[in-house]
Amino acid sequence: MSLSSFQEVHTVSGGSLLAHRDFRLLLLGQTTSQFGAQVSGIAVPLLAVLTLDASPFEVGLIAAASTVAFAVIGLPAGAWLDRWPRRPVLVASDVVRAVSLATIPLAAWFGVLTIAQLVVIALLTGVARVFFDVGYQAYVPSIVGRDRVLAGNSAMETMRASGQFVGPGLGGWLVAVAGAANVVFVQAVTFAVSAASIAAIRHQEAGGSRPPAAGTSLRADIGEGLRFVLRHRVLRAIAVASALSNLAFALASAVTFVFLARTLQLSPTVIGLVVAGGSATVMAGAVLTPWLARRIGSARIVWLSLAVTGPLTLLIPLARPGWTAVTFTVIGMAAGELGQIVYAVSSLSLRQRLCPDRLLARVSATMRFLVMAAFPLGALLGGVLGETAGLRPALWVCGVLLVLAPAPLVLALRRWPHDHQPVATS
């Protein structure tokens with residue numbers, strides 16, 4: 001996509017978001033860190049599978065460790081971030097991830113890298129990710145304004161998706177050329193760049209830190225965020241649908257790379273190209289989400305994006321060595337990625353508009369807690385299924401879950417006005 005078309009889609013009332021210095025810095029930070037994450041995202045599982053000879057259960061354990069922090073500290077993180085300035089937390093989170101990941105190539109160079117270290121680093125970076133993701137989702141509206149959250153989220157996801165498209169192919173090639181452990185160093189550097197970019201933002205959050213109201217406790221703050229989500233019909237449906245989708249993708253994370261490398265007998269370079277090919281639709285989906293929302297409806301597109309694309313993911317377990325190995329996996333991954341990116345942008349934007357400012361971080365944390373708690377469960381389940389039932393049956397379970405995921409959204413949003421744009425008030 002050309003820069004001019006990108007600017008056209010993301011120009012809204014008040015001018016192009018790209019004209020705002022602070023938004024460009026936030027965009028730069030996300031682009032570099034997400035690019036690094038995608039490059040090394042293929043390197044870590046291949047490092048475990050090809051270098052350390054990890055089993056499906058061990059791969060699933062690493063994946064579970066990277067997300068278990070959402071279940072453990074996700075809720076208090078939201079309450080804290082509704083009290084603290086968010087930008088310093090974002091910077092600190094990136095620094096922690098950069099330093100932690102840098103230890104992986106160091107250990108590999110000295111010949112002491114183990115599965116246990118990968119699990120521990122996954123835990124540490126997972127904790128940092130909790131604070132970054134919750135703070136980031138609450139920080140974007142203050143940078144772009146509530147009336148432009150859809151355009152802002154779409155722009156951020158478009159640039160993230162560019163890394164998702166280029167990163168896996170480049171990562172697979174780099175693994176073959178330089179070794180998986182060395183490729184992880186790329187991600188450490190990109191997190192450092194992201195920290196510097198966010199630190200340079202000049203925007204001052206209204207009110208600075210937000211001390212709790214007199215007589216309120218951390219538990220009371222957490223409870224307020226939980227109640228807001230669980231009592232809201234639309235937010236509750238988004239949480240259930242997202243949890244089912246995450247359960248499916250987590251399950252797949254434990255077996256997909258093993259399936260591609262051992263069952264379909266693909267090389268690391270081809271695996272990287274397959275993942276990149278499956279992600280090719282992500283950029284288009286991210287940049288076109290505002291247009292789709294205007295044409296189809298900002299609420300209708302939330303469930304329709306999953307309902308249309310989910311069934312195509314069932315092609316992946318049908319793949320066999322030969323021409324279907326690449327064709328079916330690329331189509332299945334592309335469909336899954338397209339549906340998820342349109343859903344992610346549209347559902348996040350709807351959520352940000354439904355939530356009052358003072359609850360943004362707590363609602364984000366609650367949603368992340370409810371949604372991401374499914375990830376470690378799914379990753380461990382995928383590892384167990386992969387070893388007991390087989391890789392292909394595990395992928396069938398993943399596909400069925402993705403087909404079922406939009407059901408609660410259809411029930412909650414089927415009567416939502418076509419062009420309704422709710423805006424929460426404090």
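Starting from 1, each residue takes its place in the sequence as its number.
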As an exercise, state the distance from [atom1] of [X] to [atom2] of [Y], rounded to the nearest 0.5 Å.
{"X": "L25", "Y": "R87", "atom1": "CG", "atom2": "CZ", "value": "10.0 Å"}
{"X": "I316", "Y": "I331", "atom1": "CD1", "atom2": "CD1", "value": "10.5 Å"}
{"X": "L113", "Y": "I121", "atom1": "CG", "atom2": "CD1", "value": "9.5 Å"}
{"X": "L306", "Y": "S242", "atom1": "CG", "atom2": "OG", "value": "8.0 Å"}
{"X": "R227", "Y": "I222", "atom1": "CZ", "atom2": "CD1", "value": "11.0 Å"}
{"X": "I201", "Y": "L90", "atom1": "CD1", "atom2": "CG", "value": "8.0 Å"}

Measure from the side-chain N and O atoms of [X] to the backbone N and O of [Y], and report whether any donor-acceptor pair falls under 3.5 Å.
{"X": "S349", "Y": "S346", "result": "no"}
{"X": "R233", "Y": "A412", "result": "yes"}
{"X": "T324", "Y": "A319", "result": "no"}
{"X": "E58", "Y": "S55", "result": "yes"}

- Message: With side-chain contact (heavy atoms from CB on, under 4.5 Å) as the criterion, how do W396 and L318 come out once you've worked through the C-alpha distance, each side chain's angles and the decisive distance to 0.1 Å?
- Response: CA-CA 9 Å; W396 276 113; L318 291 174; 3.5 Å; yes
- Message: Working note: Y343 + W303, criterion side-chain contact (heavy atoms from CB on, under 4.5 Å); need CA distance, chi angles, decisive distance, verdict.
- Response: CA-CA 7 Å; Y343 169 73; W303 63 264; over 6 Å; no
- Task: Give a yes or no on this: more than 12 heavy atoms of other residues, nucleotides or ligands lie within 6.0 Å of atom CZ of R219.
- Result: no
- Would you call the rings of W80 and F131 parallel, tilted or perpendicular if under 30° counts as parallel and over 60° as perpendicular? parallel
- Task: Kindly indicate whether the side chain of L264, heavy atoms from C-beta on, has any atom under 4.5 Å from the side chain of T329.
- Result: yes
- Query: Hey, does R362 have a side-chain heavy atom less than 4.5 Å from the side chain of F228?
  - Reply: no
- Message: Check for me whether R97 meets the cation-pi criterion with F132, that is, NZ or CZ under 6.0 Å from the six-membered ring centre and within 45 degrees of the ring axis.
- Response: yes
- Closest non-hydrogen atoms of T388 and V384, given as atom of the first, atom of the second and distance, are OG1-O, 2.7 Å
- Note on the structure: Closest non-hydrogen atoms of L251 and C398, given as atom of the first, atom of the second and distance, are CD2-CB, 4.2 Å
